[in-house]
Amino acid sequence: METHPTHLKYPGDADLRGLLRFQPDEGSIWLGDRRMVLLHTVALGSLRQDLISSMGPEHARRILTRMGYACGMRDAEFAKRLRGDRPAAEMFLVGPQLHMLEGAAKVTPLANEVDLEAGRFYGEYRWDHSWEAHAHRERLGLAEEPACWTLLGYASGYTSAFMGRLVLFKETVCAACGADHCHIVGRPIEEWPDGEAHRAYFESDSLLEKIEALSQQVEALRSSLEPASDGQLVGSSPSFRRALELLRKAAGTQVTVLLTGETGVGKERFARALHQLSDRREAPFVAVNCAALPGELIEAELFGVEKGAYTGAHASRAGRFERADGGTLFLDEIGEMPLAAQAKLLRALQEGEIERIGSEAPRKVRVRVVAATNVDLEAAVAQGRFRRDLLYRLNVYPIRIPALRERTGDIADLARSMLGRFAALHGKRITGISERAMQALHTHPWPGNVRELENLIERGVILTAQGGAIELEHVFPEAPDLHREAGLGPRGELADLGSREQRELLDRVLERVLGSGLSLDQLEQRLLESAVAASGGNLSAAARRLGITRPQLAYRLKRAADGANPPA
């Protein structure tokens with residue numbers, strides 16, 4: 001058992017402050033890999049008042065407690081990652097320190113007994129300046145019962161995730177009731193005489209999450225067993241919807257379709273969807289990768305072989321055209337097809353008949369051909385690698401499938417769809433994709449398109465622990481810092497950290513400035529004048545460069561000028 005005595009001094013929080021990143025240019029704030037939002041306590045107090053007024057205090061308490069509980073569980077992950085090599089009780093104090101860093105309250109540990117191996121916990125803490133108690137009193141006046149529901153939920157969620165068992169915190173003194181501080185006590189829920197009455201605040205959401213996860217897995221399994229349809233073509237971006245609309249219009253006809261687009265955009269999935277939407281859905285769908293077949297074998301594979309046609313042809317064999325009779329034949333990478341096979345393919349498309357190798361009798365086939373390519377067929381024609389007449393025949397109904405970088409708005413939906421499918425395939429329960437990982441997915445250039453996204457999500461599912469969320473390191477193990485970092489200075493102020501090289505350069509510049517003998521006023525004057533000169537005399541532009549307003553710049557320039565020319 002590890003125990004912290006009363007009023008123990010916290011360990012240094014530099015590691016926690018380092019988690020906080022402000023990215024004003026991106027419109028985001030991050031605590032580690034969790035996105036945060038700065039909210040006015042007045043707005044939170046208003047929300048609290050509306051919940052109590054519209055739903056009653058009991059239901060409002062449930063919602064706010066669960067909200068805090070979810071936040072606490074998230075922060076517990078930081079504790080084990082950041083201070084996993086520290087003693088358990090010291091590692092646990094990450095939670096109270098984060099609670100203070102996040103502006104919830106000043107937390108003073110009075111008792112902090114943690115035994116991870118035995119699963120024992122007892123904690124007492126004093127809260128000063130609780131935002132929730134203040135908000136309650138501002139909006140609703142003095143409370144008759146303790147009212148820091150969100151903060152209690154946080155403490156319970158954090159400790160429960162840390163200990164691996166449900167730990168219930170209660171508020172014995174609350175500033176919302178008129179006290180000058182709040183006091184909370186936490187112990188495993190079984191050790192509270194009325195613990196069962198509080199269990200509903202914490203466990204119902206967990207059950208709902210499990211039911212939702214199971215539902216997603218059932219849906220993923222069902223979709224993997226059913227033939228592909230346009231319902232499995234995920235996306236709502238304009239370019240994607242245009243391609244899908246062209247596909248639907250072609251489905252009710254017999255037209256030959258040419259699918260174009262970069263490697264990995266999902267051309268075969270489009271072809272399968274076209275087949276499933278057509279009246280051929282009960283007939284075979286046969287796919288051929290023309291680039292994967294040797295040139296000397298592709299004709300035999302497509303059109304079939306008669307017995308004795310060449311050495312080794314011991315029996316007659318139907319080709320892919322015959323096997324797809326009545327259905328759809330998908331010819332992927334058609335730009336790689338040899339010229340000899342292209343001539344036979346043209347005949348098959350024009351006449352609706354094929355000839356097996358070694359046979360002189362044509363065979364009628366009723367096949368819709370869907371071709372796909374990632375090469376410029378016009379350029380291939382100019383280079384003599386592709387027949388112009390075949391291009392004209394295939395290009396009757398072209399559909400261009402956009403690259404993933406052209407439809408970044410679809411990435412989140414695609415990733416979630418793939419997550420459900422791969423979680424079911426690998427028997428994993430994954431709670432989702434972290435915000436940091438999702439942001440990285442949105443900013444990745446996607447040279448491999450949807451196929452690359454699919455591979456990354458499957459890898460993420462495999463690497464993620466059971467019941468966890470896919471994190472940035474699961475999808476991009478060697479990802480660099482994707483964004484300009486900004487955070488807190490030594491006194492808690494906003495400070496642009498920049499890259500290591502930028503900080504080192506700044507340190508060298510400051511060292512030279514300090515050694516120059518310039519006073520602070522002289523340095524400011526030189527800086528202001530340089531900014532104005534660099535902006536061509538435009539004060540507004542100079543102010544933007546300095547990060548101040550134009551009136552502030554004008555005032556500082558006037559003050560500097562007055563200082564340089566004092567009155568006689």
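Each residue takes its place number in the sequence, starting with 1. Predicted, not measured: the structure shown is a model, and the values here were computed from it.
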**Student:** When rounded to the nearest 0.5 angstrom, what is the spacing between CD in Q439 and CD1 in I411?
**Tutor:**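 That separation rounds to 12.0 Å.
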
**Student:** Applying salt bridge (Lys or Arg N to Asp or Glu O under 4.0 Å), run through E268 and R272 and close with a yes or a no.
**Tutor:** CA-CA 6 Å; E268 182 169 349; R272 289 183 180 275; 3.0 Å; yes

**Student:** Between R165 and P188 (side chain of the first, backbone of the second, donor and acceptor by atom type, cut-off under 3.5 Å), is there such a pair?
**Tutor:**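 No, because the side chain of R165 does not come within donor-acceptor range (under 3.5 Å) of the backbone of P188.
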
**Student:** Looking at residues at least two apart in the chain, or sitting in another chain, which of them share a ring pair (Phe, Tyr, Trp, His ring centres under 6.0 Å) with W127?
**Tutor:** none

**Student:** Report yes or no: does K106 contribute a side-chain atom to a donor-acceptor pair with the main-chain N or O of H129 at less than 3.5 Å?
**Tutor:** no

**Student:** For E58, is the CD atom crowded, meaning more than 12 foreign heavy atoms sit under 6.0 Å from it?
**Tutor:**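 Atom CD in E58 is crowded, with more than 12 foreign heavy atoms closer than 6.0 Å.
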
**Student:** Does any non-hydrogen side-chain atom of F121 lie less than 4.5 Å from one of F162?
**Tutor:**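 F162 vs F121: side chains apart.
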
**Student:** Using the test side chain to side chain contact (heavy atoms under 4.5 Å, CB included), find all partners of A271 that sit at least two apart in sequence or belong to another chain.
**Tutor:** L259, F285, F330, V370

**Student:** Any side-chain heavy-atom pair from R269 and V450 closer than 4.5 angstrom?
**Tutor:** no

**Student:** Tell me, yes or no, whether the heavy-atom count around H134 atom NE2, taken from other residues, nucleotides or ligands under 6.0 Å, exceeds 12.
**Tutor:** no

**Student:** So V265 and N374, do their side chains get closer than 4.5 Å, heavy atoms only?
**Tutor:** no

**Student:** Could you work out, with side chain to side chain contact (heavy atoms under 4.5 Å, CB included) as the rule, every residue matching A403, not counting sequence neighbours?
**Tutor:**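 Partners of A403 by the side chain to side chain contact (heavy atoms under 4.5 Å, CB included) criterion, ordered by chain and then number, come out as E262, R405, E406, N449.
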
**Student:** Against S28, only a single residue in R21, Q23, R436 fulfils side-chain hydrogen bond (donor to acceptor under 3.5 Å, both in side chains); can you say which?
**Tutor:**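 Result for side-chain hydrogen bond (donor to acceptor under 3.5 Å, both in side chains) with S28: Q23.
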
**Student:** According to ring pair (Phe, Tyr, Trp, His ring centres under 6.0 Å), does anything in residues 234-273 pair up with another residue at least two apart or in another chain? List the pairs.
**Tutor:**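 Checked against ring pair (Phe, Tyr, Trp, His ring centres under 6.0 Å) - neighbours excluded - the pairs reaching residues 234-273 are F240-F270.
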
**Student:** Kindly determine whether L345 and I334 satisfy side-chain contact (heavy atoms from CB on, under 4.5 Å), including the steps that lead there.
**Tutor:** CA-CA 11 Å; L345 174 60; I334 196 169; 3.6 Å; yes

**Student:** Measure the CD1-CG distance between I430 and L419 for me, rounded to the nearest 0.5 Å.
**Tutor:** 6.5 Å

**Student:** Quick one: ring pair (Phe, Tyr, Trp, His ring centres under 6.0 Å) partners of F386, sequence neighbours excluded?
**Tutor:** none

**Student:** Is a donor on one side and an acceptor on the other found under 3.5 Å between the side chain of D410 and the backbone of S236?
**Tutor:** yes

**Student:** Using only atom types and a distance under 3.5 Å, with no angle test, would you say the side chain of S160 pairs donor to acceptor with the backbone of G157?
**Tutor:** no

**Student:** Let me have the donor-acceptor pairs involving side chains of residues 147-155, under 3.5 Å, with sequence neighbours excluded, atom names and distances please.
**Tutor:**
from	atom 1	to	atom 2	distance (Å)
W149	NE1	P146	O	3.3
T150	OG1	E132	OE2	2.9
Y154	OH	D75	OD2	2.5

**Student:** Measure the shortest side-chain to side-chain distance between R199 and L168 over non-hydrogen atoms and say whether it is less than 4.5 angstrom.
**Tutor:** no

**Student:** In Å and rounded to the nearest 0.5 Å, what is the OG to CG distance from S237 to D413?
**Tutor:** 10.0 Å

**Student:** Taking the side chain as C-beta and beyond, is there a heavy-atom pair between R366 and D325 under 4.5 Å?
**Tutor:** yes

**Student:** Hey, are the side chains of F321 and V286 touching, using non-hydrogen atoms and a 4.5 Å cut-off?
**Tutor:**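 A side-chain contact under 4.5 Å is absent here.
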
**Student:** Would you compute the distance between atom CZ of R248 and atom OG of S278 and round it to the nearest 0.5 angstrom?
**Tutor:**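 Spacing of CZ (R248) from OG (S278) equals 14.5 Å.
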
**Student:** Ring centroid separation for F476 and H444, is it under 6.0 angstrom?
**Tutor:**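 Yes, they do, as the ring centres are separated by less than 6.0 Å.
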
**Student:** Not counting sequence neighbours, which residues clear side chain to side chain donor-acceptor pair (under 3.5 Å) with Q254? List them please.
**Tutor:**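 Result, side chain to side chain donor-acceptor pair (under 3.5 Å) vs Q254: R280.
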
**Student:** Test of understanding: with side chain to side chain contact (heavy atoms under 4.5 Å, CB included), list the residues that count as partners of A43, not counting sequence neighbours.
**Tutor:**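 A43: side chain to side chain contact (heavy atoms under 4.5 Å, CB included) contacts with H40.
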
**Student:** Has E282 got more than 12 heavy atoms of other residues, nucleotides or ligands less than 6.0 Å from its CD?
**Tutor:**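 Atom CD in E282 is not crowded, with 12 or fewer foreign heavy atoms closer than 6.0 Å.
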
**Student:** Under the side chain to side chain donor-acceptor pair (under 3.5 Å) definition, can you give me all pairs with a residue in residues 453-463, not counting sequence neighbours?
**Tutor:** R421-E454, H426-E458

**Student:** Return the set of residues passing side chain to side chain contact (heavy atoms under 4.5 Å, CB included) with A465 (not counting sequence neighbours), or none when no residue passes.
**Tutor:** none

**Student:** Taking the side chain as every heavy atom from C-beta outward, state whether L64 and R61 have any atom pair closer than 4.5 Å.
**Tutor:**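 No - every pair of side-chain heavy atoms lies 4.5 Å or more apart.
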
**Student:** Can you name the residues that form a side chain to side chain donor-acceptor pair (under 3.5 Å) with R35, not counting sequence neighbours?
**Tutor:** none

**Student:** Checking the side chain of T260 only, and the main-chain atoms of T373 only, is there a donor and an acceptor separated by less than 3.5 Å?
**Tutor:** no

**Student:** How long is the gap from CD on Q276 to CG on L233, to the nearest 0.5 Å?
**Tutor:** 11.5 Å

**Student:** Can you find a heavy atom in the side chain of T431 that is under 4.5 Å from one in the side chain of T464?
**Tutor:**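 Answer no - side chains too far apart.
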
**Student:** List the residues meeting side chain to side chain donor-acceptor pair (under 3.5 Å) with H59, not counting sequence neighbours, and say none if there are none.
**Tutor:**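 Partners of H59 by the side chain to side chain donor-acceptor pair (under 3.5 Å) criterion come out as none, since no residue qualifies.
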
